[in-house]
Structure formats: structure tokens, C-alpha cells
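Report on the following structure.
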Amino acid sequence: MAEHAARRCCLGWDFSTQQVKVVAVDAELNVFYEDSVLFDRDLLEFGTQGGVHVHEDGLTVTSPVLMWVQALDIILEKMKASGFDFSQVLALSGAGQQHGSVYWKAGASQVLTSLSPDLLLHEQLQACFSIRDCPVWMDSSTTAQCRQLEATVGGAQALSCLTGSRAYERFTGNQIAKLYQQNPEAYSHTERISLVSSFAASLFLGSHSPIDYSDGSGMNLLRIQDKVWSQACLGACAPHLEEKLGLPVPSCSVVGAISSYFVQRYGFPPGCKVVAFTGDNPASLAGMRLEEGDIAVSLGTSDTLFLWLQEPTPTLEGHIFCNPVDPQHYMGLLCFKNGSLMREKIRDELASSSWSEFSKALQSTEMGNSGNLGFYFDVMEITPEIIGRHRFSAENHEVSAFPWDVEIRALIEGQFMAKKIHAEGLGYRVMPKTKILATGGASHNRDILQVLADVFGTPVYVIDTANSACVGSAYRAFHALPPFCLVSIY
Ligand SMILES: Nc1ncnc2c1ncn2[C@@H]1O[C@H](COP(=O)(O)OP(=O)(O)O)[C@@H](O)[C@H]1O
Ligand SMILES: O=C(CO)[C@@H](O)[C@H](O)COP(=O)(O)O
């Protein structure tokens with residue numbers, strides 16, 4: 001680290017499902033330091049699998065809040081031991097897995113403001129949470145609360161128009177409603193409810209950090225047009241909720257200076273700015289440097305799309321979030337469960353389990369597949385909620401099978417047409433300058449990407465985004481600095 005000792009930088013943090021990560025980015029936007037703590041590997045005492053505990057009902061999924069705090073202690077101590085020069089950090093920001101919530105017990109704010117630099121954070125915050133196991137985005141136990149919330153505001157579409165999404169089990173308002181109904185005592189002892197992102201920011205700030213508009217859009221509580229809490233939604237979830245949430249702020253807000261704990265223990269400069277933390281998907285949008293009209297397609301285990309949107313049209317499929325970079329704009333997010341695993345299944349059934357055989361089918365068939373169409377959902381899809389394999393001939397007759405190569409093209413064209421149609425449903429339009437940024441395992445397959453380019457009629461670029469939420473957080477920290485700060489770097 002010594003050679004980087006005098007490099008002015010911003011830090012980007014990511015509190016994701018399986019790990020806490022950090023990157024340091026210099027003024028030329030080069031990443032010169034990265035580190036991570038993996039919960040399952042480095043914090044064995046919490047006994048998580050994939051960073052979470054799945055409860056007996058198979059629906060409730062939580063993570064221990066003190067595991068997140070301890071992970072931050074570990075990573076900061078590692079940075080210190082490696083000689084990282086904290087005095088050069090101008091600002092920091094971060095990301096959190098979306099939708100998860102943290103419940104601070106009455107009195108926590110007092111503890112946060114008076115932390116002793118001689119002790120680790122987790123040693124001092126033990127008694128600060130009214131529940132220790134936080135609901136996370138994988139939780140799907142709140143169907144009753146979802147239906148109740150939709151009924152209160154006039155139905156699923158009305159809720160989507162108001163908050164950007166119909167009610168989803170993982171969305172925080174429904175999780176808070178469940179906690180209030182099942183554990184009213186813990187709820188009443190809660191002085192503040194944070195998202196994972198604003199919780200992490202609070203640790204650096206030494207006080208409760210506000211929720212930002214972009215991650216706040218994943219709660220079914222924020223009115224995405226005027227960016228205030230919806231009184232109808234708050235009232236449907238739990239009493240006195242507004243005071244427990246605090247006022248939401250623009251995602252690019254500087255929420256304060258770093259707490260004296262970090263100045264004294266690690267040597268951060270007292271003026272180091274904390275920029276509002278946001279959700280990991282919004283932070284990735286910043287990290288991938290998406291611009292209006294662009295589309296990011298992640299072809300990992302599941303397929304996820306992010307879009308930069310100017311005029312959103314909330315629907316029953318997908319999510320509209322406030323844009324984390326430009327407060328006047330929005331972002332769309334679509335999540336498809338039948339992604340790579342579905343492609344692998346068809347590959348195994350029809351292409352001898354070989355991606356190169358699979359590619360041969362795409363190379364030997366024509367764009368448009370001579371009018372043959374197929375939709376393949378072996379597991380219940382999220383977008384839309386549907387299951388089964390459905391094939392239609394050029395004459396629009398449902399058929400039970402296609403020749404092997406037609407089947408493979410039908411699968412890939414069907415997957416990408418669905419993405420285009422649902423993206424258009426959210427208000428997305430291909431523009432002359434549109435580019436697609438593809439990432440994830442299947443983005444290594446040029447023949448699959450050719451179909452993506454053909455369906456959208458746009459160029460496709462491959463981008464490595466392993467750290468996009470972290471890097472995006474560091475970019476966001478730079479973005480929030482006043483220009484004179486940047487000039488003084490040189
Ligand atoms: N050459 C390829 N062609 C198509 N798909 C591929 C190829 N190589 C890997 N994949 C797919 O990539 C998937 C893993 O993607 P990855 O982005 O690593 O997943 P994760 O969601 O865990 O980050 C695998 O399930 C596999 O089907
Ligand atoms: O629920 C969503 C988006 O709506 C998830 O994308 C979480 O935000 C996942 O976080 P990581 O798995 O990236 O930690």
C-alpha cells in the first residue's frame with residue numbers, strides 16, 4: 001500500500017447479501033484498493049448460508065444485523081493493517097442489498113454519537129437493535145400484508161402508479177407491517193427504521209442517516225413522482241411510521257461528515273464527507289455509467305435489466321425507482337428468474353450439454369426463426385407470473401415441439417423479446433444512441449449476444465461488473481463533491 005499512500009480518493013462500499021466489499025477510487029477513477037469480507041467464510045459464528053438464514057417456514061429469510069457491523073470492523077482493521085492511508089479519503093458512499101430493513105432500539109442514536117475509538121463497533125452496538133435478525137430481500141412471507149396494502153390504495157396498479165411497483169413481499173413497507181403485526185413490542189421500542197443502505201451510512205455518520213430516494217423506492221412507501229412518503233401507505237403498514245423513517249433525501253446528498261470515531265481510530269480527515277448510501281442496483285447503474293436510452297442486461301443465474309428512464313410508466317410487472325444519479329429521472333428494474341438455468345436445461349436436453357453445440361443452432365437458423373416463437377418458464381417466473389413451456393408455429397398454432405435448432409433459437413429470441421416488451425411496458429424506448437451493456441456468465445457467448453443485438457436493434461458491449469455497486473458508490477461520492485474539492489486534488 002505504501003506506494004499509494006498519498007493518493008486522494010473516495011471509498012465505495014457494498015453491503016450485499018453475501019459480503020461487505022470496499023473499493024478505493026482515485027481522482028482519475030482508477031480502482032487502486034479492493035477488499036471484502038464474506039459472511040459465510042469469515043464470520044462463521046453467525047452460521048449463515050449465502051449470508052442469510054432461511055427459517056423453517058421456507059418463506060422468512062433474515063440476516064443478523066451484528067454480522068454486518070462486525071464485517072465492517074474486520075474490513076477496516078484489514079485496511080489499517082495493510083497501511084491504507086485513510087487521511088486521503090475525501091468522501092465515501094455505499095450501497096446495500098435492496099429492501100432489507102434494520103430496527104434501531106430507543107437510545108441507539110445516543111450510543112452512535114458517543115462511540116469510543118478504543119473499541120470495535122460491534123462491541124459497542126450490541127444492545128442497539130430492537131430486532132437482531134433483519135428481514136432481507138429474499139423474504140417472501142408477507143403476502144397478506146401485500147394484499148392489505150394494495151386494497152388500501154385502490155389496487156395493485158394504483159399502488160404501482162404511486163410507488164413504482166405493485167406490492168412485493170420483499171418490499172420494506174410490507175416487512176414493517178408484518179413486524180408491527182407480529183411483534184408490536186419490538187416495533188414500539190424502535191426509534192428508527194433504516195434500509196441496509198442507510199443503516200451502513202449511519203455507522204459512518206455516527207447518527208441516523210436518511211433513506212435516499214432511489215433505495216426508498218423499493219419500499220412500496222415512497223411516492224416516486226413527488227418523493228415524499230405516501231401517507232396512505234404509511235398508515236396501511238404501521239402507526240407512527242413517518243417519524244421512525246425520517247425524511248427521505250436526494251440520492252446525491254451529502255448527509256454529513258464522518259463521525260469522530262473513524263477520525264480517531266482510523267485517521268480519516270474530519271472533513272471526509274458521507275454521501276447518502278443507496279441500493280445495490282441503483283449503485284450499479286452509476287457504476288456501469290449508464291446514460292439515458294442505455295440498457296444494462298445481466299445474464300447471470302437470473303436475468304436482470306436496468307434502464308435509465310425519463311418518463312416512466314409504472315405497471316404490474318417490474319419496478320420503477322427514482323434515479324440515483326439524476327433526481328429528475330428514473331430507473332427501471334426487471335428481474336427474470338428463468339435465465340441461465342433455463343438456457344442450461346435446453347442446452348442439456350438438445351445440445352449435448354455443450355455451449356458450442358448450442359451456438360451452432362443459433363448460427364444455422366435465421367433471425368426471426370421463420371415465425372416460430374417459444375416461451376420457456378420451467379420455474380414460476382417473476383415477470384410475468386407464469387410457468388410452463390409454450391410454442392407457437394408461424395401459423396400461430398400452439399405446437400408441442402420444435403426441431404432442436406428451432407427450439408434453441410425460439411428460447412433465446414423469446415427471452416430477449418420478453419425483455420424488450422416488458423422494458424417498453426415501463427416506458428423504455430430504443431433511441432439512436434442506445435447501447436446495451438451485457439454482463440454475467442452468458443455474456444461470454446457471442447451467439448447469444450448477437451440475438452440480443454438483433455432483437456433490440458442496437459449494439460451490445462460486454463462489461464465486467466463484478467464490483468459495479470462498489471465502484472458506482474465511489475463514483476457517486478466523487479459526484480457529490482463540490483468542484484473546488486476536485487480541483488484541489490491536482
Ligand atoms: N458460454 C456460455 N454461454 C451461455 N451461458 C453461459 C456460458 N458460460 C456461463 N454461462 C452461464 O452463466 C451462468 C452463471 O452466471 P454468473 O454471472 O456467473 O452467475 P451469478 O448470478 O452467480 O453471478 C451459468 O448458470 C451458465 O449457464
Ligand atoms: O431484490 C433485489 C432487487 O429488487 C436484489 O437485486 C437485491 O438488491 C440483491 O442484492 P445482492 O444479491 O446483489 O446483494
Side-chain angles (χ1 to χ4, degrees), residues 29 160 164 213-214 217 224-225 251-252 278 281-300 303-315 317-336 339 362-363 365-371 373 383 409-440 442-465 468-469 471-472 475-476 478-479:
L29 301 187
S160 183
Y213 294 159
S214 198
S217 318
I224 55 161
Q225 298 289 346
S251 304
C252 57
T278 190
N281 293 303
S284 284
L285 176 136
M288 292 171 89
R289 305 190 210 181
L290 226 66
E291 293 174 314
E292 193 185 346
D294 290 347
I295 186 161
V297 179
S298 166
L299 303 170
D303 289 352
T304 309
L305 247 78
F306 327 132
L307 317 158
W308 181 298
L309 295 173
Q310 205 167 351
E311 297 291 338
T313 44
T315 65
E317 313 291 352
H319 313 298
I320 303 285
F321 299 147
C322 298
N323 190 295
V325 180
D326 181 338
Q328 309 303 321
H329 290 185
Y330 296 87
M331 73 175 275
L333 186 133
L334 290 162
C335 191
F336 300 86
L362 294 175
Q363 290 157 10
T365 47
E366 295 278 307
M367 185 198 314
N369 215 11
S370 310
L373 276 178
T383 322
R409 179 167 279 280
L411 164 70
I412 302 299
E413 287 190 347
Q415 287 187 327
F416 291 142
M417 280 193 283
K419 288 177 181 50
K420 183 159 188 267
I421 288 164
H422 287 293
E424 286 172 352
L426 287 176
Y428 174 76
R429 297 290 171 268
V430 171
M431 300 163 71
K433 63 171 190 171
T434 290
K435 54 188 181 306
I436 296 182
L437 307 173
T439 183
S443 68
H444 298 122
N445 188 317
R446 292 186 66 85
D447 300 290
I448 290 181
L449 295 187
Q450 184 60 55
V451 178
L452 177 60
D454 293 341
V455 167
F456 279 81
T458 57
V460 173
Y461 299 86
V462 182
I463 177 166
D464 175 14
T465 54
S468 61
V471 171
Y475 291 171
R476 293 179 54 255
F478 271 116
H479 186 218

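- L290 has its side chain out of reach of M331: every pair of non-hydrogen atoms, C-beta onward, lies at least 4.5 Å apart.
- Residues E366 and R409 fail the side-chain proximity criterion, which asks for heavy atoms closer than 4.5 Å.
- Between I412 atom CD1 and N445 atom CG the span is 7.5 Å, to the nearest 0.5 Å.
- For the pair Y330 and Q310, the tightest heavy-atom approach, listed with the atom from each and the gap, is CD1-O, 3.8 Å.
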- Apply the test side chain to side chain contact (heavy atoms under 4.5 Å, CB included) to residues K419 and V455: give CA-CA distance (whole Å), side-chain angles for both, the deciding distance (0.1 Å), then the verdict. CA-CA 10 Å; K419 288 177 181 50; V455 167; over 6 Å; no
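- Here Q415 contributes atom CD and M417 contributes atom CE; the two are 10.5 Å apart, rounded to the nearest 0.5 Å.
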- Query: Could you walk me through whether H319 and N281 pass the side chain to side chain contact (heavy atoms under 4.5 Å, CB included) check?
  - Reply: CA-CA 11 Å; H319 313 298; N281 293 303; over 6 Å; no
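- Between the S160 side chain and the T315 main chain, a donor and an acceptor come within less than 3.5 Å of each other.
- Rounding to the nearest 0.5 angstrom, the gap separating the CD1 atom in I436 from the CG atom in L307 is 10.0 Å.
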- May I have the step-by-step check of side chain to side chain contact (heavy atoms under 4.5 Å, CB included) for L305 and Y428, ending in yes or no? CA-CA 11 Å; L305 247 78; Y428 174 76; over 6 Å; no
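- S443 and G440 make their closest contact through OG-O, 2.6 Å (heavy atoms, listed as atom of the first residue, atom of the second, distance).
- For K435 and E291, the salt-bridge test passes: some basic side-chain N is under 4.0 Å from an acidic carboxylate O.
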- Task: Run the numbers on F321 and I224 for side chain to side chain contact (heavy atoms under 4.5 Å, CB included), then give the verdict.
- Result: CA-CA 7 Å; F321 299 147; I224 55 161; over 6 Å; no
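- Closest approach of T383 to C335, counting heavy atoms only: OG1-O, 2.6 Å.
- Distance alone, capped at 3.5 Å, is enough to place a donor-acceptor pair between the E413 side chain and the G368 backbone.
- No donor-acceptor distance shorter than 3.5 angstrom exists from the side chain of S468 to the backbone of G287, with no hydrogens or angles considered.
- The shortest distance between side-chain heavy atoms of Q450 and L362 does not fall below 4.5 Å.
- Put simply, the side chain of N323 reaches to within 4.5 Å of the side chain of L285, judged on heavy atoms.
- R476 approaches S251 most closely through the heavy-atom pair NH2-O, 2.6 Å.
- Annotation for Y475 and R289: closest pair OH-NH2, 2.9 Å, computed over non-hydrogen atoms.
- By the 6.0 Å contact criterion, NE2 on H479 is open, its count of non-hydrogen atoms from other residues, nucleotides or ligands being 12 or less.
- Of the possible donor and acceptor atoms, one in the side chain of S217 sits under 3.5 Å from a partner among the backbone N and O of C322.
- Across all their heavy atoms, A469 and S284 have their closest contact at N-OG, 3.6 Å.
- Separation of atoms CD1 (I421) and CG (L334) is listed at 12.0 Å; rounding is to 0.5 Å.
- Atoms CD and CD1, from E311 and I320 in turn, are 11.0 Å apart once rounded to the nearest 0.5 Å.
- Looking only at side-chain heavy atoms (C-beta outward), F456 and T434 stay at 4.5 Å or farther from each other.
- The structure places CZ of F336 at 8.5 Å from CD of E317, a figure rounded to the nearest 0.5 Å.
- Heavy-atom contacts from other residues, nucleotides or ligands closer than 6.0 Å to CE of M367 number 12 or fewer.
- Annotation: side chain of D454 is not in contact with side chain of F416 (no heavy-atom distance under 4.5 Å).
- At a threshold of 4.5 Å between non-hydrogen side-chain atoms, the residues V297 and D303 do not count as touching.
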